[in-house]
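Notes to accompany the following structure.
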Amino acid sequence: MTETITRERDMEENSEDGSLLERMPEKLRERLNGQATNVVAWSMFDLQADNSIRPCYLVLGEDELLVVDHRVEKSIPIAQIQQARVIEGLGVDRLVLLGRDELLAEFAYSRHCRREMTRLHRKLERRLPDEEGKPREKTPDWLEAVERQIEEKEYCKKCGQLIPSYAEGVCPQCLHKKAILWRLLEVARPYRGKINLALALTLMMVPLNALGPVINKHLIDTAIGGEGEMSYRLRMLMLLGLGSLTLIALAELVGAIRMRTLANVGTMVARDLRHNVYAHLHDLSLRYFSKRRTGSLITRVTNDTDRLWDFIVFGSVNMIRDVLMIIGCAGVMFYLNWRLALISLVPLPILGVLTYWRGRHMQRLFGRLWTYWSRMTAVVGDAIPGVRVVKAFAN
């Protein structure tokens with residue numbers, strides 16, 4: 001019976017080590033070249049002693065700590081480490097390893113590596129002696145199992161990449177954005193009549209905006225700089241000027257009706273979104289609320305729904321308007337002078353690539369911004385109700 005239990009425990013440890021090796025980055029496995037066995041944790045540190053930024057790795061085993069750059073540069077036996085400290089700084093933290101009477105090593109890292117370095121430091125401390133020099137008690141198996149489950153949730157099961165902390169357990173790379181987009185557009189389905197009206201008004205604005213340059217062309221070529229009698233030129237100037245004013249007034253009227261329609265639809269969509277989110281919150285378990293702060297949930301119900309309805313109502317319609325505007329203006333330019341139109345549209349592909357790259361970069365930045373805003377709202381939401389309690393005890 002004892003042999004069976006021992007064999008099962010060895011199999012669990014081997015499977016755990018195998019899963020850790022599978023989650024390990026490919027370039028780190030190549031640099032190790034099979035030198036690491038019984039891997040417990042690993043982490044990247046990106047700040048070097050010469051103040052340069054270069055990714056290197058720390059790999060923690062059962063008996064040693066490996067420092068990996070292009071290969072295994074250094075091996076620090078755990079038996080020589082007496083103390084491991086994390087010194088937090090302003091954007092830069094340090095992991096300091098102390099021996100009996102000497103500094104063994106120091107590793108600086110940015111906030112990007114803080115989560116992995118904190119995990120490695122926690123597991124390293126469990127293998128060090130206590131303050132009196134005695135060996136620490138063995139970590140319970142249930143705690144190790146819980147930590148393994150948490151670590152597995154931090155990595156995407158599809159692509160194997162580390163999920164950013166702001167994503168809250170959802171991998172941004174493997175997210176089905178198209179499916180989520182169609183689910184969001186379903187919220188606006190009851191108001192498709194008004195949305196179709198706004199879309200029709202948007203389509204009307206495209207030729208109205210495209211006709212403006214055509215009238216200006218004839219105004220300059222015929223009325224101002226053209227040849228002919230002065231009376232004819234003045235008459236054309238009055239007619240084309242009146243046409244331009246009428247076109248501007250009509251475009252403003254159509255735009256006002258369009259904005260009013262979209263604003264009404266946006267208000268109703270925001271109302272439905274908040275009602276759906278509020279109803280869904282009532283269906284969640286108490287465990288969900290115990291793991292999340294009140295301010296974070298308030299941010300989801302208020303700020304996030306505002307962004308969603310702004311995209312559903314204004315973003316989708318404006319995107320169609322901008323695409324049609326580019327096509328319409330390009331068509332008019334080719335009609336007037338196709339050579340000049342080709343020269344004018346040369347920067348368009350480059351601008352499209354730069355816009356796409358900037359959009360991907362801004363998407364990550366806005367994801368972090370919304371996470372930090374949620375955390376700040378959570379702090380405020382927890383602190384303000386506590387003021388009344390503190391004042392009550394003070395009185």
Side-chain angles (χ1 to χ4, degrees), residues 175 177-213 215 243-282 295-330 332 351-352 355-356 358-360 362-374 376-377 380-381:
L175 190 64
K177 299 179 181 179
K178 293 182 180 179
I180 295 176
L181 177 61
W182 287 114
R183 284 178 56 192
L184 290 176
L185 293 179
E186 286 292 329
V187 183
R189 182 180 291 273
Y191 314 105
R192 58 179 177 270
K194 293 185 177 181
I195 294 179
N196 291 334
L197 174 60
L199 185 60
L201 295 174
T202 302
L203 296 178
M204 288 179 58
M205 292 186 64
V206 173
L208 292 178
N209 292 329
L211 285 176
I215 294 178
S244 179
L245 291 176
T246 305
L247 185 65
I248 294 174
L250 185 59
E252 291 294 330
L253 178 62
V254 173
I257 299 175
R258 170 181 170 273
M259 289 299 298
R260 182 179 181 85
T261 304
L262 288 177
N264 292 333
V265 174
T267 303
M268 291 182 286
V269 168
R271 179 197 61 193
D272 293 345
L273 274 174
R274 290 177 179 175
H275 285 176
N276 293 338
V277 172
Y278 187 72
H280 180 68
L281 289 175
H282 281 278
S296 177
L297 298 176
I298 293 175
T299 304
R300 291 294 182 89
V301 178
T302 56
N303 296 345
D304 291 0
T305 52
D306 285 341
R307 298 188 189 98
L308 287 176
W309 79 257
D310 181 71
F311 167 74
I312 294 172
V313 177
F314 290 96
S316 57
V317 176
N318 288 340
M319 182 179 64
I320 298 175
R321 180 199 63 184
D322 295 339
V323 172
L324 294 178
M325 185 74 67
I326 294 174
I327 296 174
C329 292
V332 173
L351 182 62
T355 303
Y356 175 78
R358 179 179 176 273
R360 296 294 298 271
M362 294 300 294
Q363 182 180 1
R364 293 192 295 268
L365 292 181
F366 273 113
R368 296 179 184 177
L369 173 63
W370 295 333
T371 302
Y372 297 152
W373 183 267
S374 175
M376 183 182 68
T377 308
V380 174

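Computed over heavy atoms, backbone and side chain alike; hydrogens, waters and symmetry mates excluded.
Between atom CD1 of residue Ile195 and atom CZ of residue Arg189 there is a gap of 10.5 Å, rounded to the nearest 0.5 Å. We find the CG-CG distance between Asn196 and Leu203 to be 10.0 Å, quoted to the nearest 0.5 Å. Rounding to the nearest 0.5 Å gives a distance of 14.5 Å between CG of Leu197 and CZ of Arg192. The distance from atom CG of Leu199 to atom OG1 of Thr261, rounded to the nearest 0.5 Å, is 12.0 Å. Rounding to the nearest 0.5 angstrom, the gap separating the CG atom in Leu201 from the CE atom in Met259 is 12.0 Å. Annotation: the span from Leu281 atom CG to Asn276 atom CG amounts to 11.0 Å, rounded to 0.5 Å.
Annotation: salt bridge (Lys or Arg N to Asp or Glu O under 4.0 Å) contacts involving residues 259-276, sequence neighbours excluded, comprise Arg274-Asp306. Pairs passing the side-chain hydrogen bond (donor to acceptor under 3.5 Å, both in side chains) check and including a residue from residues 247-257, sequence neighbours excluded, do not occur.
Minimum interatomic distance between Leu208 and Leu250 (heavy atoms only, all atoms of both residues): CD2-CD2, 3.8 Å.
Within the 4.5 Å cutoff, the side chain of Arg258 has no heavy atoms near those of the Met204 side chain.
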